[in-house]
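Counting begins at 1 with the first residue of the sequence. Since the structure is predicted, the reported quantities are computational estimates derived from the model, not experimental observations.
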Amino acid sequence: MGKYQKDVEQLLKCVGGKENIQAVSHCMTRMRFVLVDPKNADEPAIEEIASVKGTFTQAGQFQVIIGNDVANFYNEFTAFAGIEGVSKDAVKSAAKSNQNPLQRIMGTLGEIFAPLIPALICGGLILGFRNIIGEIKFFENGTMTLKDISQFWSGMYSFLWLIGEAVFHLLPVGIVWSITKKMGTTQILGIILGLTLVSPQLLNGFSVADTAAADIPVWDFGFFKVEMIGYQGQVIAAIMAGFVLVYLEKFFKKHCPEVISMIVVPFCSLVPAVIIAHTVVGPIGWTIGNVIADGVWAGLTSNFRWLFAAVFGVLYAPVVMTGLHHMTNAIDTQMINSYEGTILWPMIALSNIAQGSSVLAMSVLQKKNERAQQVNVPACISCYLGVTEPAIFGVNMKYGFPMICGMIGSGIAAVVSVGFNVTAVSIGVGGLPGILSIYSEYWGYFLLAMAIAVVVPFTLTFLVGKKKLSAQDKGLAAKAPAAQKQAEDSAAEEKKAAAAAGPLEIKSVLDGKVIPIEEVEDDVFSQKIMGDGVAVEPTGETVVAPADATITVVMEDSRHACGMAFDNGVELLIHVGIDTVDMNGDGFELFVKSGDRVTCGTPLIRFSKEKIKKAGHPATTMMIITEPGSGEITFSTGMEAQAGKTTVAVCKGE
């Protein structure tokens, strides 16, 4: 009988049996399923399996977090189920085929905007600071702003626009680049196409409405003319132009002989794309964008805006679960360009706050449930700062009623926000700090809406939770006998493993900047689902052993990760990059195998930062304590570390 025989049997049953599995693979920590019918998976039951550390669904894949020993678990699972595993790419392809057309479109839109969101948030905060500096009349009896009374702040007001303009006016450059990156075509061609959309030779798109038709410059080709209009801040037009370039390049790559492709493909792709962008898809995209923005604005300023707001406020959180919320980025940006502000985005910030408040109530109700608090606390914090997925998937959907309570609070807050015409100068941080992006004259109203988004969901969740949550959920009762025995056995093993352990210094595995694990751009790591630890933003490319240890697991195919056990029983996972499993080992070299004994400083993995970057992944390398034993572990971050020399964690025995 295999090590995980019982858990494997339970998992197969809980995912809906062999007939419900379309494809299965694994990465360093997770089983990745594509299910025929995801509704047949019993997630609560799966999370009760001893080997399972959590579940979530992403991009059509149902992922079950196992940990370091996922390879052995996977082998036992496929052998027991009689299923042949497939590659990660095959799982991705199967996942896409399992999505309907709308889900695929929204998934693509989300992947396009995901790399742009940090810039949009940064730009939003900058415009918020400019709003405070140059628009709020704090001084001289309410007649002058900080910019008016200080030359320094006047200069700062002007200087910050350099960044704000780059983010929002030149946004088409980022959009077309992101499309070429996502579609795997030549990114520099995308950048050049984007630049042609915002060239200073063109009439600035924001000036078109104030320019007489006769004064709009044109390219005169004799028998026809083309207006020289820029697409500053335009979203739909940029997206359409980007896909024209992508499909032209793919067409010519397919049909052009390799020997002349370096010359023919870029020329025959870029030149027609620029022409089509300025003569066909640009004007069409401009019109579509304006129609969408005008329609949403009309709804938000009509006599029925309270109904629009209530529906949007209630439904936004469930929409996040479908991926359709990515469309709001395009709508918000278009509204900002058309109306110098957006009424939509404040409601999004309020919805995030409301869901976070539901989690806060759950945290209070479950304050004695240590396992629940490990999810509740970080999920609440991230939600209040604008990242809702951990809260929605990890807490609110799990119990159901917190989600509904948050939706109710969000709906009420949205009605108040829209009722007072609360307008944001730009997209910003979608949580409590979001007030910085609100025009100052609406701060009081937005604070009122924020208070509603905090108090109503918290109160409703707390009251409902007091009745619905069991004593076991609240951590007030002992676990079920089987689970309790399992926990006791686990604790005994931990104590035995760490019995002889003295202080252990764990060194950095790479040269680079050590950062808190919470800052990693992957929820499985940042939410500490796998365990606590640190991460390194590498300057070097050779991963070394952080202490004397035995290698317990390696990813032989992808070569991007390995696990090890120290002599005191503590186990560590080293994971190079985020989603680098998709690279299938390209750019990675593995120096060890499972069972090897290594000493501090022994090379384990060598990788190419350049190849990771070209593949579109961060090179951030995680050091995760997957088995902490029973001692105390302290972490150090914020310093520049040397591989094998700088201490980043200390493990102390009992």
Quiz item: Between Q366 and Y399, does any side-chain donor sit less than 3.5 Å from a side-chain acceptor?
Solution: yes
Quiz item: If we ignore angles and hydrogens, is there a donor and acceptor under 3.5 Å between the side chains of S526 and E519?
Solution: no
Quiz item: Using 30° and 60° as the class limits, which term best fits the ring planes of H26 and Y74: parallel, tilted or perpendicular?
Solution: tilted
Taking distance alone, no hydrogens or angles, what donor-acceptor pairs closer than 3.5 Å link side-chain atoms of residues 587-594 to residues at least two apart or in another chain?
| unit_1 | atom_1 | unit_2 | atom_2 | d |
| --- | --- | --- | --- | --- |
| E589 | OE1 | R606 | NH1 | 3.2 |
| K593 | NZ | D596 | OD1 | 3.3 |
| S594 | OG | T552 | O | 3.1 |

[X] side chain near [Y] side chain, heavy-atom distance below 4.5 Å:
X	Y	result
I515	E537	yes
L193	I191	no
V543	I574	yes

Practice problem: For K528 and D532, work out which heavy atoms get closest and say how close. | Solution: CE-OD1, 3.4 Å
Exercise. Taking all heavy atoms of P402 and all of S358, pick out the closest pair and write down the distance.
Key: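 Residues P402 and S358, closest heavy atoms: O-OG, 2.9 Å.
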Quiz item: Roughly how far, to the nearest 0.5 Å, is SG of C14 from CD of E47?
Solution: 11.0 Å
Self-check item: Within residues 624-652 or reaching into it, pairs that qualify as ring-ring contact (aromatic ring centres under 6.0 Å, His included) - sequence neighbours excluded
Solution: none
Self-check item: Pairs involving residues 525-559, ordered by first then second residue, that meet ring-ring contact (aromatic ring centres under 6.0 Å, His included) (sequence neighbours left out)
Solution: F525-H575
Self-check item: Of all pairs that satisfy side-chain hydrogen bond (donor to acceptor under 3.5 Å, both in side chains), the ones with a partner from residues 503-517, not counting sequence neighbours
Solution: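 Residue pairs with at least one partner in residues 503-517: E505-K507, E505-T647, K507-T647.
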Practice problem: Measure from the ring center of F33 to the ring center of F77 and say whether it is less than 6.0 Å. | Solution: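 Yes, ring centres under 6.0 Å apart.
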Quiz item: Which residues satisfy the side chain to side chain contact (heavy atoms under 4.5 Å, CB included) test with Q10, sequence neighbours excluded?
Solution: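 With sequence neighbours excluded, Q10 shows a side chain to side chain contact (heavy atoms under 4.5 Å, CB included) to K6, D7, I49, given in chain and number order.
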Quiz item: Among E43, R32, M31, which one satisfies side chain to side chain contact (heavy atoms under 4.5 Å, CB included) with F62?
Solution: E43
Quiz item: Who pairs with F566 by ring pair (Phe, Tyr, Trp, His ring centres under 6.0 Å), at least two apart in sequence or on another chain?
Solution: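 Applying ring pair (Phe, Tyr, Trp, His ring centres under 6.0 Å) to F566 gives none.
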